[in-house]
*Asks:* 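The structure is given below, and queries will be raised subsequently.
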Amino acid sequence: MTEYISLYRKYRPKKFSEVVGQTTIINILKNSIKLNKIGHAYIFSGPRGTGKTSVAKIFSRAVNCLNSVDGDVCGKCDNCLKKIEDEIDIIEIDAASNNGVDEIREIRNNVKLLPSNLKYKIYIIDEVHMLSDSAFNALLKTLEEPPSHVIFILATTEINKIPSTVLSRCQKFNFKKLNDVEIEERLKYICKNENRLNSVDDNCIKLIANLSDGGLRDAINLLDQSLSLNENIKSDDIYNLLGIINDEEQFDIIKNIVNGNIKDTINYIDSLYSQGKNIPSIVNQLQTKIENIIIYNSTNNYFSNDYEKKLSQFSKIDLDKLIDISKQMFDLLYNMKKSTDQKILIKIYFIKMALTFFDNSLQKNDSSNLKIKKDDKDVNDSDSETSIVDNKNILINNCLSLANKRSKIEFIDKFNIIKDYVTDKKYNSIANLLLKSSPEVVSEKNILFTFNKEFEVILFDKNVDLIVKFLKLLYNIEYEVVGISSENWKEIKKEYISNVKKGIKYVYTDIKKEKIVSNNVKNVEGKIENIFGNIHVTEE
Ligand SMILES: [Zn+2]
């Protein structure tokens with residue numbers, strides 16, 4: 001009987017040329033090998049299943065390959081042919097399996113010994129953020145004076161948890177989530193090779209890619225399970241495998257909530273339990289759907305036409321209420337991890353959410369506040385919208401004008417305290433939100449946060465006052481804060497770098513004064529608005 005090898009293992013890349021995506025990283029690594037400029041410590045960070053460990057293993061082989069071709073492994077020499085598990089000079093440590101102190105201590109003792117077979121002795125430490133403080137200290141001592149024959153590759157999904165002292169001694173590579181097309185192509189390639197192209201149609205491939213959220217490993221494992229299940233796979237098979245539900249069922253649950261239909265909401269949850277579904281994943285699905293509805297209701301043409309048609313049934317729902325239930329889903333997901341009785345907890349939360357909409361009609365008459373405001377500014381409605389955008393641009397400009405590295409290091413050093421507040425009554429949602437952020441630009445008085453999801457930016461904007469209060473509590477500074485998406489930041493950063501190179505200087509603008517004179521300022525700024533839209537700059 002032959003042993004069944006999982007598709008993931010079978011199609012795990014053995015050469016740089018076989019790695020899906022991550023091209024920039026691969027090119028840099030290959031070049032360093034070609035030029036023989038190899039570092040002694042690398043950190044590979046990024047979401048799960050994006051190739052960190054695979055690339056670490058390939059790099060370990062490529063630096064030791066006897067006939068390296070263009071910086072890649074040759075696949076034929078003695079070093080390439082040997083199984084990586086049998087290679088005593090390539091040492092893999094899983095920091096998640098224990099706290100690692102003993103293993104790191106052992107590294108410190110053995111690191112000075114020359115490799116037995118290879119040119120370089122390599123330590124791959126997976127999930128390195130799980131190391132205890134004392135293990136990190138031990139590791140740091142080794143990283144301070146690494147022998148020339150040793151290379152450390154540290155892999156982590158949570159780079160925020162790595163001490164800055166360790167980070168500063170490593171070359172950093174940030175692995176990105178793969179896009180759906182990259183995953184789809186790889187899945188098709190595998191199906192073709194397995195002679196199963198007829199078993200899975202394009203829609204299923206798309207669904208698998210979409211559900212695996214940028215992680216190739218999850219995608220291949222899901223494909224593997226689906227293929228072993230049926231001769232012909234349907235999308236519902238895939239949903240069933242994961243214990244999740246399809247779009248229609250998700251929309252049904254949300255409909256019950258926004259109609260304030262408590263009884264049907266609870267019945268639905270009961271039936272999901274009796275079908276043995278994966279409830280945390282379903283809550284996750286619902287959270288994403290609500291995010292999508294919020295984005296659909298506040299922007300245009302963000303999703304495909306077909307999907308927007310489905311979302312349009314919720315176009316009349318009050319945005320604040322949607323944001324409120326989305327926050328509650330956030331909290332629910334967090335609290336579920338600790339709860340001893342998930343089912344009751346979920347019911348309580350869903351009743352709470354449905355109640356938000358239960359007295360919908362009553363509240364509508366009550367909340368005339370909003371209405372009056374809207375009627376009031378009928379004339380200059382569009383003006384007020386642009387001023388929000390203006391303000392944000394000024395805040396971004398202000399951050400860039402004062403940014404300094406020392407403030408950032410000091411800020412990030414204390415950032416971990418936020419974790420103490422994830423269960424705090426008042427600040428739990430803020431803490432959870434900020435933990436998803438990355439403080440990109442920091443000065444003594446302002447901070448620019450970036451978020452991976454557009455939706456998190458909306459949440460940030462909605463809660464700015466509370467965030468300022470929270471940060472004051474932690475840092476004793478009343479920061480001016482602004483949140484943007486990481487996509488957006490990429491472009492702003494590019495512009496910023498090119499402006500700085502041109503000698504263009506950023507000037508701080510007092511936002512409170514700006515509010516009063518904003519109309520006059522706009523004209524003056526017209527001349528230079530091509531530089532940043534509405535960001536204020538002066539030329540030197
Ligand atoms: Zn080789």
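For the numbers below, each heavy atom of this structure counts, side chains included, while hydrogens, waters and symmetry mates do not. As the structure lists them, so they are numbered: ligands from 1, and atoms in each ligand from 1.
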*Asks:* May I ask you to check whether Asn292 and Lys289 show a side-chain donor-acceptor distance below 3.5 Å?
*Replies:* no

*Asks:* Does Lys52 reach the side chain of Thr157, with side-chain heavy atoms less than 4.5 Å apart?
*Replies:* yes

*Asks:* Take the Zn ion (ligand 1) and tell me which protein N, O or S atoms are nearer than 2.8 Å.
*Replies:* Cys65 SG, Cys74 SG, Cys77 SG, Cys80 SG

*Asks:* Quiz question: by atom type and distance under 3.5 Å, do the side chains of Glu158 and Thr156 form a donor-acceptor pair?
*Replies:* no

*Asks:* Are Ser134 and Asn137 linked by a side-chain donor-acceptor pair shorter than 3.5 Å?
*Replies:* no

*Asks:* Would Ile294 and Ile458 count as a side chain to side chain contact (heavy atoms under 4.5 Å, CB included) here? Give the steps.
*Replies:* CA-CA 9 Å; Ile294 293 172; Ile458 297 177; 4.0 Å; yes

*Asks:* Report the residues that fulfil ring pair (Phe, Tyr, Trp, His ring centres under 6.0 Å) with Phe460, sequence neighbours left out, ordered by chain and then residue number.
*Replies:* Phe449, Phe451

